[in-house]
Visitor: 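Sharing a structure with you now.
A, B, ... follow the sequence lines: proteins, then strands. Residue 1 opens every chain.
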Amino acid sequence: MPDPQQVLTARVRDALAAAFGADYASADPLVRPSAFADFQSNAALPLARKLGRAPHDIANEIVSHLDVEDICVPPAVSGPGFVNFALRDEWIAAAVTGLLDDPRLGTPLAGAPQVVVVEYSSPNIAKEMHVGHLRTTIVGDAIARVTEFAGHHVMRDNHVGDWGTQFGMLIEYLFDVGEDSAEAQLLRTDPNTFYQGARARFDSDPDFADRSRDRVVKLQSRNDPATQLLWDELMELSRQYLRDTYALLRVTLTDDDIRGESFYNDMLGDVAGDLTDEGLAVLSDGALCVFPPGFTGRDGSPLPVIIRKRDGGYNYSTTDLATVRYRVDKINCDRAIYVVGSEQALHFRMIFAVARLAGWIPGSTSFEHAQIGMVQGPDGGRLRTREGGTVTLSSLLAEGIERARAILNEIETLEGEVRDAIAEDVGIGAIKYADLSTARDSAYIFDWDRMISFRGNTGPYLQYATTRIRSIFRKAGIDEAGAHGPVLVTAPAERELALALLGFGAVVTGVAETAEPHRLCGYVFEVASLFTAFYEQCPVLRAEDEATRTSRLALCAATLRVLTAGLGLLGVPIPDRM
RNA sequence: GCGCUCGUAGCUCAACGGAUAGAGCAUUUGACUACGGAUCAAAAGGUUGGGGGUUCGAGUCCCUCCGAGCGCGCCA
């Protein structure tokens with residue numbers, strides 16, 4: 001347990017119990033990084049009222065009961081009652097040396113592992129993904145990776161849209177144009193154009209629209225082989241497209257993670273039936289609705305969750321409720337994280353409310369909507385192409401790679417094939433890191449120049465930091481895995497870097513709890529910044545003596561491992577050279 | 001109209017109720033035969049949209065006003 005924040009938290013808790021009784025051991029010792037020391041405890045201040053004593057006295061009392069001799073120099077009380085901790089250099093050095101032999105880099109395995117469903121990406125199939133899918137895919141994947149690494153059992157769930165009215169339309173259109181037609185070939189090359197063709201006919205030809213609706217019924221009843229065959233073909237084409245896209249994006253989703261809306265089709269009747277039996281669902285304007293308390297619409301009237309439409313069809317609310325039940329009853333999840341756009345916040349609040357009303361979510365189970373903010377264009381509006389159209393994900397990724405290549409071409413003389421691979425890593429890494437590094441629920445402005453810059457808090461800067469470290473080991477002719485220290489902490493830059501490295505586990509654990517990958521981005525950037533400062537101030541290969549050289553090589557190795565682990569958990573690719 | 005989210009440095013963004021609100025970019029200055037300068041060091045830049053309140057302590061919690069984005073019955 002090399003994380004000083006956790007160690008100190010435990011020690012202050014002991015001191016609280018010793019000073020004021022066991023009742024106080026449960027209080028949060030409020031140990032935080034400090035600008036005035038390495039860490040501070042704010043525990044004394046909130047206790048002042050409770051104990052009826054001056055906070056400064058309480059702080060002194062805590063200090064007198066503290067046993068931190070092995071970790072810190074004697075703690076000092078300052079300000080209104082803060083207890084400041086300055087770690088001993090030897091303790092930091094020993095802890096970092098220990099980090100080198102810890103495959104988990106100080107990250108504790110979850111004491112009570114949970115089954116966690118992470119729903120993310122979730123595109124509509126038979127359509128190309130657009131920029132709106134970028135964040136849910138990238139952020140969701142990072143959340144899944146981090147949660148998994150923290151020791152939980154993660155079930156990735158790609159809740160694709162494969163079952164709505166539009167599939168009747170697409171299949172009917174495919175029948176009309178002919179499966180072997182040039183038009184049908186568009187499904188392989190340009191599915192959006194095929195979709196638009198179908199849509200245009202749907203809107204202009206009432207007969208076609210009627211046939212499309214019939215086709216949906218045939219599809220959902222699953223008893224028309226010809227319909228089923230075409231749907232299967234559409235699905236296979238989509239799986240192919242998704243495999244390619246996720247591979248390029250370095251996203252861990254596979255075919256096995258696809259559990260689309262169609263999967264829940266046979267459970268929808270039970271959802272409607274059980275809600276009716278429980279007396280929760282009532283008919284309103286011919287539709288079967290649940291009115292969860294506390295939700296009102298435009299004119300102040302109660303807002304419904306529509307379970308069954310007037311025409312007898314089910315919609316996405318029904319599917320989402322079936323999904324909740326499946327996850328609780330069949331997957332036995334302890335936690336479900338929905339990585340979906342923030343515009344659907346109301347929808348999910350209502351779905352979760354209905355599911356709780358129906359008793360489908362046990363009190364101990366957490367259902368969360370991890371809201372994803374919009375990706376905006378330079379003007380703050382929706383991101384669009386120059387022509388005003390929707391930006392497809394593939395064109396966005398291609399441009400990122402192209403921009404990375406252009407920059408690499410200017411500076412480096414790498415072989416063509418190697419350069420292509422590096423350009424891909426850098427371009428994809430830049431986009432992903434920019435996307436991950438802002439709080440997931442706030443909108444951000446998409447800016448090529450900022451994200452692909454090799455300076456500042458960007459993917460390429462972090463990738464570059466790792467290549468510099470690798471370069472040191474290449475130059476030294478040793479393998480970074482062979483650097484075991486011991487680490488000595490003397491120079492200020494060494495101390496700051498070492499201290500930061502010890503915080504890896506706490507950050508990972510925190511991100512797993514909050515599903516906020518941007519905090520991990522902030523952390524790796526801080527480590528990279530401290531490393532470059534160290535790199536400037538502390539010669540490694542030309543260190544003054546052998547012990548210092550060994551120590552600094554070990555610090556480099558620890559930094560490299562923390563950075564690669566952190567970027568790996570974020571899903572940001574790391575080229576060996578660039 | 002109602003609800004949700006938000007408003008922080010010129011720009012893009014951080015900040016688990018804790019001391020003097022931090023980074024990056026841009027700007028200005030300094031350091032180059034360098035373990036990869038795709039770098040580092042430093043300066044300057046703020047009444048945290050306005051106003052009240054709670055608290056020992058508020059960018060953070062509550063109220064109110066202003067402004068923005070999103071959402072609000074049979075699309076998903």
Visitor: Give a yes or no on whether the ring-centroid distance for A:Phe263 and A:His159 is below 6.0 angstrom.
Guide: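 So the answer is no for these two rings.
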Visitor: From C-beta outward on A:Phe36, which listed nucleotide comes closest to its side chain: B:rA38, B:rC40, B:rU20?
Guide: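 The listed nucleotide nearest to A:Phe36's side chain is B:rU20.
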Visitor: List the steps, then state whether side-chain hydrogen bond (donor to acceptor under 3.5 Å, both in side chains) holds for A:Tyr444 with A:Asp435.
Guide: CA-CA 8 Å; A:Tyr444 79 95; A:Asp435 207 83; 2.6 Å; yes
Visitor: NE2 of A:His369 versus P of B:rG3: gap in Å, rounded?
Guide: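 It is 20 Å, rounded to the nearest whole Å.
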Visitor: Touch check for A:Thr438, heavy atoms < 4.0 angstrom, all strands: base, sugar-phosphate only, or nothing?
Guide: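 Result for A:Thr438 = sugar-phosphate.
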Visitor: Searching all strands shown, indicate the nucleotide that pairs with B:rC61 (Watson-Crick or G-U wobble; both distances under 3.5 Å).
Guide: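 Paired with B:rC61, as far as the under-3.5 Å criterion goes, is B:rG53.
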Visitor: Please name the nucleotide paired to B:rC2 by Watson-Crick or G-U wobble geometry with both distances under 3.5 Å, or report none.
Guide: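 Paired with B:rG71.
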Visitor: Give one of base, sugar-phosphate or nothing for A:Leu346, where a contact means two heavy atoms less than 4.0 Å apart.
Guide: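 Sugar-phosphate: the residue A:Leu346, judged by heavy atoms under 4.0 Å, touches backbone atoms but no base.
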Visitor: Between B:rA76, B:rU12, B:rG36, which nucleotide has the shortest distance from any of its atoms to the side chain of A:Glu261?
Guide: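 Nearest to the side-chain atoms of A:Glu261, counting from C-beta on, is B:rA76.
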Visitor: Tell me whether A:Phe295 and B:rG3 count as stacked here, given that the ring centres must be under 5.5 Å apart and the planes must differ by less than 30 degrees.
Guide: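 Not stacked by the 5.5 Å and 30° rule.
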Visitor: To the nearest Å, give me how far apart CG (A:Leu520) and P (B:rA15) are.
Guide: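 To the nearest whole Å, that distance equals 14 Å.
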Visitor: Nearest to the side chain of A:Pro46 - B:rA19, B:rC56, B:rA38?
Guide: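 Of B:rA19, B:rC56, B:rA38, B:rC56 is nearest to the side chain of A:Pro46.
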Visitor: When rounded to the nearest Å, what value does the distance between C1' atoms of B:rC63 and B:rA58 take?
Guide: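 The same atom, C1', in both gives a distance of 15 Å.
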Visitor: Just to be sure I understand the rule, does A:Leu303 reach a base, reach only the sugar-phosphate, or reach nothing, if contact means heavy atoms closer than 4.0 Å?
Guide: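 Sugar-phosphate, no base atom in range.
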Visitor: Which way is the base of B:rG71 turned, syn or anti, if we draw the line at 90° from 0?
Guide: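 Anti for B:rG71; the angle lies over 90° from 0.
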Visitor: Counting only side-chain N and O atoms of A:Thr532, is one of them less than 4.0 Å from OP1 or OP2 of B:rC40?
Guide: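 The answer is yes; a side-chain N or O of A:Thr532 sits under 4.0 Å from OP1 or OP2.
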Visitor: Rounding to a whole Å, what distance do you find between A:Glu343:CD and B:rA76:P?
Guide: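 To the nearest whole Å, that distance equals 15 Å.
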Visitor: So what does A:Thr514 touch, heavy atoms closer than 4.0 Å: a base, only the sugar-phosphate, or nothing?
Guide: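 Result for A:Thr514 = nothing.
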Visitor: Would you indicate, yes or no, if B:rA14 has its OP1 or OP2 atom less than 4.0 angstrom from a side-chain nitrogen or oxygen of A:Ser442?
Guide: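 For A:Ser442, the contact criterion (side-chain N or O under 4.0 Å from OP1 or OP2 of B:rA14) is met.
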Visitor: From the list B:rG18, B:rU39, B:rA19, which nucleotide is the closest neighbour of the side chain of A:Ser34?
Guide: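 My answer, after comparing the listed nucleotides, is B:rA19.
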Visitor: Hey, is the side chain of A:Arg455 poking within less than 4.0 Å of OP1 or OP2 on B:rU39, counting only N and O atoms?
Guide: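 A:Arg455 to B:rU39 OP1/OP2: side-chain N or O found under 4.0 Å.
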Visitor: Grab the CD1-P distance between A:Ile407 and B:rG36 for me, whole Å please.
Guide: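 These atoms are roughly 22 Å apart.
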Visitor: Could you please name the option among B:rA19, B:rU39, B:rC35 that lies closest to any side-chain atom of A:Ile472?
Guide: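 Output: B:rC35.
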Visitor: Tell me whether the side-chain N or O atoms of A:Asn84 pair up with the base of B:rA19 as donor and acceptor below 3.5 Å, since no angle test is needed here.
Guide: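 When only heavy-atom distances are counted, A:Asn84 does reach the base of B:rA19 through a donor-acceptor pair under 3.5 Å.
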Visitor: For the side chain of A:Ser301, counting heavy atoms from C-beta on, which of B:rG73, B:rA19, B:rC74 is nearest?
Guide: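 Between B:rG73, B:rA19, B:rC74, the one nearest the side chain of A:Ser301 would be B:rG73.
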Visitor: Just compare B:rC16, B:rG37, B:rC35 and give me whichever is closest to any side-chain atom of A:Arg468.
Guide: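 Given the options B:rC16, B:rG37, B:rC35, the side chain of A:Arg468 is closest to B:rG37.
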Visitor: How close or far is atom P of B:rU5 from atom CZ of A:Arg349, stated in whole angstroms?
Guide: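 In whole Å, B:rU5 P and A:Arg349 CZ are 7 Å from each other.
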Visitor: Go through it in stages, so that I can follow the logic: the residues are A:Ile62 and A:Phe20, the test is side-chain contact (heavy atoms from CB on, under 4.5 Å), and I'd like the CA-CA distance, side-chain angles, deciding distance and then a yes or no.
Guide: CA-CA 9 Å; A:Ile62 292 172; A:Phe20 309 112; 3.9 Å; yes
Visitor: Quick one: which of B:rG73, B:rU39, B:rC35 gets closest to the side chain of A:Phe291?
Guide: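 Of the candidates, B:rG73 comes closest.
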Visitor: Hey, is the side chain of A:Arg298 poking within less than 4.0 Å of OP1 or OP2 on B:rG1, counting only N and O atoms?
Guide: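 For B:rG1, OP1/OP2 do not have a side-chain N/O of A:Arg298 under 4.0 Å.
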Visitor: Using atom CD of A:Gln6 as one end and atom C1' of B:rC16 as the other, report the distance to the nearest whole Å.
Guide: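 It is 14 Å, rounded to the nearest whole Å.
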Visitor: Please tell me which of the listed nucleotides, B:rA19, B:rG18, B:rC16, lies nearest to the side chain of A:Pro33?
Guide: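 My answer, after comparing the listed nucleotides, is B:rC16.
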Visitor: With distance as the sole criterion, is a donor-acceptor pair present between the side chains of A:Asp162 and A:Ser262 under 3.5 Å?
Guide: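 Yes, a side-chain donor-acceptor pair sits under 3.5 Å.
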Visitor: Using only modelled atom types and a 3.5 angstrom limit, is any donor from either the side chain of A:Glu526 or the base of B:rA23 paired with an acceptor on the other?
Guide: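 Answer no: no donor N or O sits under 3.5 Å from an acceptor.
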Visitor: Taking only the side-chain nitrogens and oxygens of A:Arg49, find out if one of them lies under 4.0 Å from OP1 or OP2 of B:rC56.
Guide: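 Checking A:Arg49 against B:rC56: at least one side-chain N or O falls below 4.0 Å of OP1 or OP2.
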Visitor: Just to verify, which of A:Phe525, A:Phe454, A:Phe531 counts as forming a ring-ring contact (aromatic ring centres under 6.0 Å, His included) with A:Tyr461?
Guide: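 Single ring-ring contact (aromatic ring centres under 6.0 Å, His included) partner of A:Tyr461 among A:Phe525, A:Phe454, A:Phe531: A:Phe525.
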Visitor: Distance between the C1' atoms of B:rC74 and B:rG59, in whole angstroms?
Guide: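 One C1' to the other, the span is 43 Å.
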Visitor: Take atom C1' in B:rG24 and the same atom in B:rU8, then report the distance between them in whole Å.
Guide: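 Going atom to atom, C1' in each nucleotide, I get 15 Å.
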Visitor: Determine whether any donor atom in the side chain of A:Ser78 lies under 3.5 Å from an acceptor atom in the base of B:rA19, or the reverse, and answer yes or no.
Guide: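 Yes.
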Visitor: Using Watson-Crick or G-U wobble geometry with both distances below 3.5 Å, tell me the partner of B:rA38, or none.
Guide: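 Here B:rA38 is not engaged in any pair, so there is no nucleotide opposite it.
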Visitor: Can you tell me if the side-chain N/O atoms of A:His518 get under 4.0 Å from OP1 or OP2 in B:rA15?
Guide: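 Yes, within the criterion.
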Visitor: Tell me if the centroids of the rings in A:Tyr173 and A:Tyr195 come within less than 6.0 Å of each other.
Guide: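 A:Tyr173 vs A:Tyr195: aromatic centres not under 6.0 Å.
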Visitor: Please report the distance separating the C1' of B:rG45 from the corresponding atom of B:rU12, rounded so that it comes out in whole Å.
Guide: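 Going atom to atom, C1' in each nucleotide, I get 15 Å.
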Visitor: Would you say A:Tyr314 places a side-chain N or O within less than 4.0 Å of OP1 or OP2 belonging to B:rC75?
Guide: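 Answer no for this pair, as no side-chain N or O of A:Tyr314 is under 4.0 Å from OP1 or OP2.
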Visitor: With hydrogens left out and only the distance checked, is there a donor-acceptor pair under 3.5 Å joining A:Tyr316's side chain and the base of B:rA76?
Guide: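 Yes, a donor-acceptor pair under 3.5 Å.
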Visitor: With both distances kept under 3.5 Å, what pairs with B:rG10, Watson-Crick or G-U wobble?
Guide: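 The base-pairing partner of B:rG10, which may sit in any strand shown, is B:rC25.
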Visitor: Taking the basic N atoms (NZ, or NE/NH1/NH2) and the acidic carboxylate oxygens, is any pair closer than 4.0 Å for A:Arg549 and A:Glu544?
Guide: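 The answer is no: the pair does not qualify as a salt bridge.
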Visitor: Take atom CZ of A:Phe531 and atom P of B:rC35, then tell me their distance rounded to the nearest Å.
Guide: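 Taking atom P of B:rC35 as the reference, CZ of A:Phe531 is at 13 Å.
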Visitor: The side chain of A:Leu45 is closest to which nucleotide in this list: B:rC75, B:rG18, B:rA14?
Guide: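 Nearest nucleotide to the side chain: B:rG18.
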Visitor: Atom OH of A:Tyr535 and atom P of B:rA31: how far apart are they, to the nearest Å?
Guide: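 To the nearest whole Å, that distance equals 21 Å.
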